[in-house]
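To start, the structure itself, in structure tokens.
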Amino acid sequence: MQSQLKLYNTLSGEKETFKPILEGNVGMYVCGPTVYSDVHLGNCRTFISFDLIYRYLMHLGFKVRYVRNITDAGHLENDADEGEDKISKKARLEAIEPMEIVQRYSVGFHQVMEKFNALPPSIEPTATGHISEQIQIVQALLDNGAAYISNGSVYFDVLKYNDSEEYGILSKRKIEDLISGTRDLDGQHEKRNPLDFALWKKASPYHIMRWPSPWSDGFPGWHLECTAMSSKYLGETFDIHGGGMDLKFPHHECEIAQATAFSGHKPVNYWMHTNMLTLNGKRMSKSTGNTLLPEELFSGETVLLEKGFHPMVARFFMMQAHYRSVLDFSSDALAASEKGFHKLMNGSKELKELKLSPNSSLSIQGFIDSFYTALNDDLNTPVLIAHLFEVVSFINKVKEGAEQISAEDRELLSESMNAMIFDVLGLTFIDEQDHSKLDAAMNIILELRKNARETKDWNTSDLIRDKLNEAGITVKDNKEGSTWSVN
RNA sequence: GGUCCUGUGGCCGAGCGGUUAGGCAGUGGUCUGCAAAACCAUCUACAGCGGUUCAAAUCCGCUCGGGACCUCCA
């Protein structure tokens with residue numbers, strides 16, 4: 001099954017059969033968040049997409065080392081001399097320590113990811129914790145002539161690199177087009193060419209975050225941390241490097257260039273890029289303010305939504321679209337997913353209690369194969385979910401007596417459904433609190449209601465149901481009796 | 001302006017040369033004191049115009065929309 005996994009590789013522009021460098025092991029690096037403000041839902045989608053990939057690789061039996069960095073040194077605000085990093089700017093605004101900002105938003109990020117049931121990565125290194133590694137790479141690039149010093153800063157020489165390698169190989173850009181398209185920004189005079197990017201920046205006097213280096217007191221360029229940390233923890237060539245589409249250029253392109261110049265070979269075999277989550281048809285972005293915060297989604301306290309949605313509903317909503325497709329966020333789409341989510345989860349619950357027959361009326365293995373066919377095709381979760389709904393439909397028919405399932409098959413299907421829903425898609429039941437006392441109380445109430453119904457006292461029975469509903473508890477009547485659930 | 005992606009039924013969203021995707025909503029029915037849920041049936045679309053092909057939502061061209069990147073951004 002493993003060898004059949006195909007992943008879309010941005011480098012080739014095609015789906016390729018996934019083959020890890022070291023059999024049975026996968027090294028995966030994902031560009032993490034910049035912790036200078038709250039992560040928005042668009043950021044979350046990327047990390048949830050890679051959580052799916054991480055989960056599926058592990059489900060297939062790979063031993064995965066998943067590295068996702070925390071960018072706490074801040075990226076350059078712009079390329080100008082006055083450039084200051086985002087962390088220190090925010091710190092001065094709020095008159096607190098940079099690391100205080102970092103701490104606050106890192107914690108917030110982790111809390112949000114936990115709500116989305118995203119597994120923590122194996123290693124979550126920080127840029128500030130790897131300054132010496134970054135300095136070493138800069139020195140090596142200076143030593144081998146790939147970089148040059150200018151006024152205390154160090155820049156990567158893109159044109160020189162392009163003489164022997166191909167700058168633009170990932171984003172499919174031609175260097176001539178890039179040169180002609182370069183904007184005339186201030187502070188470019190330090191560079192030999194506008195395309196050159198900073199490896200090390202000399203800090204201006206008021207710049208708070210700074211480290212000593214052979215060239216100046218300063219801070220690392222914004223592409224460098226990923227090369228330093230990925231090569232440290234995964235090796236100079238590793239299997240998968242991921243990030244949002246927006247990082248393809250220039251960030252990942254620069255990473256390839258500096259890493260190749262540093263080590264002499266390509267750093268990554270499979271480049272994976274997840275697509276944007278849009279709001280009102282436009283990508284979410286901190287700088288434009290077109291964002292939705294996770295907390296706003298959960299609480300519904302925003303003009304964009306009619307009500308709040310549980311993180312698992314949002315996760316399911318995201319899984320209903322392919323990770324490489326743009327997904328637009330809307331209240332209606334969320335509401336549709338919410339119903340579908342409950343339908344799926346109820347189906348998976350009911351599967352375990354299905355009445356058994358000597359034989360199954362359908363091929364259970366056929367269902368299971370379809371799950372893997374979908375996932376192996378570049379993680380096609382929308383198709384996987386479509387198949388899961390087919391199973392739910394089958395489950396309901398067994399319940400109604402229109403289809404049959406054997407004991408063996410029920411076990412097999414249950415195991416596979418659970419693996420898909422919980423392990424791979426990473427969904428959880430929304431209501432998992434301990435209800436033992438509520439259970440007891442509800443049993444008493446429903447007993448009274450049952451008595452009322454038996455004497456056709458509909459006023460009482462409806463009053464109980466309506467009042468419970470107002471309190472957030474739904475009562476449903478079936479042939480076998482009444483069931484209840486917390487909304 | 002350059003590079004690239006995209007346009008699917010009321011809504012969301014797969015498919016990428018020949019078969020019903022799926023979910024939500026709607027409609028008719030079964031069930032039910034009513035409601036809800038569930039089940040069955042139904043609704044059957046591929047921006048427009050050309051072309052290639054026995055066959056196109058799927059490939060090619062043009063036109064018209066939408067978006068991403070080219071500057072920090074998941």
Side-chain angles (χ1 to χ4, degrees), chain A residues 13 30-34 36-37 39-50 71 74-80 83 85-86 168 171-174 176-178 180-183 185 195 222 242-251 253 273-278 281-288 291 316-317 320-322 324-330 332-344 346-347 350 374 377 380-390 392-393 395-397 399-402 453 456-458 461-462 465-466 469 474-479 482-483 485:
Chain A
V30 172
C31 290
T34 305
Y36 69 95
S37 65
V39 287
H40 62 246
L41 235 36
N43 301 314
C44 294
R45 161 123 105 146
T46 293
F47 303 127
I48 289 169
S49 294
F50 282 106
T71 297
H75 289 170
L76 281 177
E77 190 95 304
N78 53 48
D79 253 342
D85 76 45
K86 288 181 171 176
S171 54
K172 316 278 183 266
R173 285 157 203 264
K174 292 190 173 57
E176 303 80 48
D177 297 338
L178 287 168
S180 65
T182 305
R183 301 197 185 178
L185 295 165
L195 288 183
W222 74 283
M245 289 271 193
D246 50 346
L247 296 182
K248 203 155 61 169
F249 188 91
H251 185 238
E253 202 70 69
H273 294 278
T274 55
N275 217 134
M276 301 291 101
L277 183 66
T278 62
K282 296 260 165 62
R283 70 168 287 206
M284 283 194 200
S285 163
K286 287 171 188 168
S287 50
T288 60
T291 56
F316 180 70
F317 167 71
Q320 280 190 298
H322 187 87
R324 281 191 292 113
S325 297
V326 173
L327 178 63
D328 194 57
F329 213 82
S330 72
D332 288 349
L334 258 298
S337 284
E338 186 173 48
K339 295 206 173 178
F341 172 79
H342 286 119
K343 183 175 177 176
L344 177 64
N346 285 338
E350 284 168 349
D377 184 19
N380 198 329
T381 51
V383 168
L384 167 67
I385 290 170
H387 291 315
L388 292 175
F389 276 116
E390 285 164 14
V392 170
S393 176
I395 289 167
N396 288 326
K397 284 178 190 167
K399 241 173 68 184
E400 301 288 319
R453 295 182 74 212
K456 297 202 190 294
D457 179 2
W458 308 126
S461 82
D462 286 354
R465 188 175 61 194
D466 293 347
N469 192 43
T474 304
V475 175
K476 293 172 191 166
D477 300 328
N478 305 299
K479 275 181 190 156
S482 302
T483 61
S485 58

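Everything numeric in this text was worked out from a predicted model, so none of it was measured. Just so you know, these numbers use all the heavy atoms, side chains as well, and skip hydrogens, waters and symmetry mates. Lettering follows sequence order; numbering is per chain, from 1.
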How far, in whole Å, is B:G18 from B:A41 if one measures between their C1' atoms?
27 Å

Protein N or O to nucleotides 3-8 of chain B N or O, pairs below 3.5 Å:
from: B:U3; atom 1: O2'; to: A:Lys172; atom 2: O; distance (Å): 3.4

Could you state the atom-to-atom distance from CE of A:Met245 to P of B:A68 in whole Å?
12 Å

Tell me, with the steps shown, if A:Arg453 and A:Ser482 meet side chain to side chain contact (heavy atoms under 4.5 Å, CB included).
CA-CA 11 Å; A:Arg453 295 182 74 212; A:Ser482 302; 3.9 Å; yes

Rounded to whole Å, CD of A:Glu253 lies from P of B:U71 at a distance of 13 Å

Could you state the CG-C1' distance from A:Leu277 to B:G67, rounded to the nearest angstrom?
14 Å

Hey, does A:Arg283 reach any base, or is it just sugar-phosphate, or nothing, if we go heavy atoms under 4.0 Å?
base

Looking at every non-hydrogen atom in both residues, tell me the closest pair between A:Val475 and A:Arg465 and how far apart they are.
O-CD, 3.7 Å

Nearest-angstrom distance from the residue atom NZ of A:Lys174 to P of B:G2
13 Å

What nucleic acid atoms does A:Gly281 come within less than 4.0 Å of, heavy atoms only: base, sugar-phosphate, or nothing?
sugar-phosphate

Could you work out, with side chain to side chain contact (heavy atoms under 4.5 Å, CB included) as the rule, every residue matching A:Lys343, not counting sequence neighbours?
A:Phe389, A:Val392

Sequence neighbours excluded, the answer for side chain to side chain contact (heavy atoms under 4.5 Å, CB included) partners of A:Pro33 is A:Val35, A:Val39, A:Phe47, A:Ile70, A:Phe109

Whole-Å distance, A:Phe341 CZ to B:C24 C1', equals 16 Å

Taking the P atom of each, how far is B:A21 from B:U8, in whole Å?
16 Å

Can you measure A:Phe50 atom CZ to B:A74 atom P for me and round it to whole angstrom units?
13 Å

Listed partners of A:Glu390 passing side-chain hydrogen bond (donor to acceptor under 3.5 Å, both in side chains), at least two apart
A:His387

Non-neighbouring partners of A:His40 that pass side-chain hydrogen bond (donor to acceptor under 3.5 Å, both in side chains), sequence neighbours left out:
A:Asn43

What's the gap between B:A56 and B:G67 when it is taken at their P atoms, as a whole Å value?
32 Å

What closest approach, in Å, do A:Ala321 and A:Pro382 show between heavy atoms, and which atom pair accounts for it?
C-CG, 3.5 Å

Under-4.0 Å side-chain N/O to phosphate OP1/OP2 contact, A:Thr34 with B:C73:
no

Here the distance between atom P of B:A68 and atom CZ of A:Phe249, to the nearest Å, is 17 Å

Under a 3.5 Å distance rule, please check whether A:Asp377 uses its side chain to pair with a backbone N or O of A:Asn380 as donor and acceptor.
no

Partners of A:Tyr36 by ring pair (Phe, Tyr, Trp, His ring centres under 6.0 Å), sequence neighbours excluded?
none

Is the A:His251 ring parallel, tilted or perpendicular to the A:Trp222 ring (thresholds 30°, 60°)?
parallel

Audit row: A:Thr274, A:Arg45, side chain to side chain contact (heavy atoms under 4.5 Å, CB included) steps and yes/no:
CA-CA 8 Å; A:Thr274 55; A:Arg45 161 123 105 146; 5.8 Å; no

Distance between C1' atoms of B:A45 and B:A57 (Å, rounded)
9 Å

Write down the distance between CG (A:Asp246) and P (B:C73), rounded to a whole number of angstrom.
8 Å

Considering non-hydrogen atoms only, spot the tightest contact between A:Cys31 and A:Leu247 and give its length.
CB-CD1, 3.6 Å

Suppose we screen for ring pair (Phe, Tyr, Trp, His ring centres under 6.0 Å). Which residues come up paired with A:Phe341, at least two apart in sequence or across chains?
A:Phe316

Stems formed with participation of RNA chain B [Watson-Crick or G-U wobble, under 3.5 Å, three or more pairs]:
B:1-7 with B:64-70, B:10-12 with B:22-24, B:26-30 with B:38-42, B:47-51 with B:59-63

Roughly how many Å apart are B:C31 and B:A37, using the C1' atom of each and rounding to a whole number?
11 Å

Set of residues satisfying side-chain hydrogen bond (donor to acceptor under 3.5 Å, both in side chains) with respect to A:Ser171, sequence neighbours excluded:
A:Arg173, A:Glu253

Could you write nucleotides 12-20 of chain B as a row of B, S and -, 5' to 3', where a protein heavy atom under 4.0 Å of any base atom gives B, of only sugar-phosphate atoms gives S, and otherwise -?
SSSS-----

NA contact type, A:Thr274, heavy-atom cut-off 4.0 Å: base, sugar-phosphate, or nothing?
nothing

Taking B:U63 as the reference, what is the distance to B:U27 when you measure between their P atoms (whole Å, please)?
44 Å

Give the C-alpha distance, both sets of side-chain angles, the deciding distance and a yes or no for side chain to side chain contact (heavy atoms under 4.5 Å, CB included) between A:His322 and A:Asn275.
CA-CA 9 Å; A:His322 187 87; A:Asn275 217 134; over 6 Å; no

Whole-Å C1' distance, B:C64 and B:A47
8 Å

Starting at the 5' end of RNA chain B, which residue's closest nucleotide do you reach first, A:Gly340 or A:Pro33?
A:Gly340

Considering only heavy side-chain atoms of A:Met276, the closest of B:G22, B:A74, B:C70 is B:A74

Check whether the aromatic ring of A:Trp458 stacks on the base of B:G33, taking stacking as ring centres less than 5.5 Å apart and planes within 30° of each other.
yes

If we take the C1' atom in both B:C16 and B:C46, what is their distance in whole Å?
12 Å

Please identify each residue that fulfils salt bridge (Lys or Arg N to Asp or Glu O under 4.0 Å) with A:Glu350, with sequence neighbours left out.
A:Lys399

Identify all pairs in which a protein N or O lies below 3.5 Å from an N or O of nucleotides 35-39 of chain B, and state each distance.
from: B:A35; atom 1: N6; to: A:Asp477; atom 2: O; distance (Å): 3.0
from: B:A35; atom 1: N1; to: A:Asp477; atom 2: N; distance (Å): 3.1
from: B:A35; atom 1: N3; to: A:Arg465; atom 2: NH1; distance (Å): 3.0
from: B:A36; atom 1: N1; to: A:Asp477; atom 2: O; distance (Å): 3.0
from: B:A38; atom 1: O3'; to: A:Asn396; atom 2: ND2; distance (Å): 2.9
from: B:A38; atom 1: O2'; to: A:Glu400; atom 2: OE2; distance (Å): 3.4
from: B:C39; atom 1: OP1; to: A:Asn396; atom 2: ND2; distance (Å): 2.2

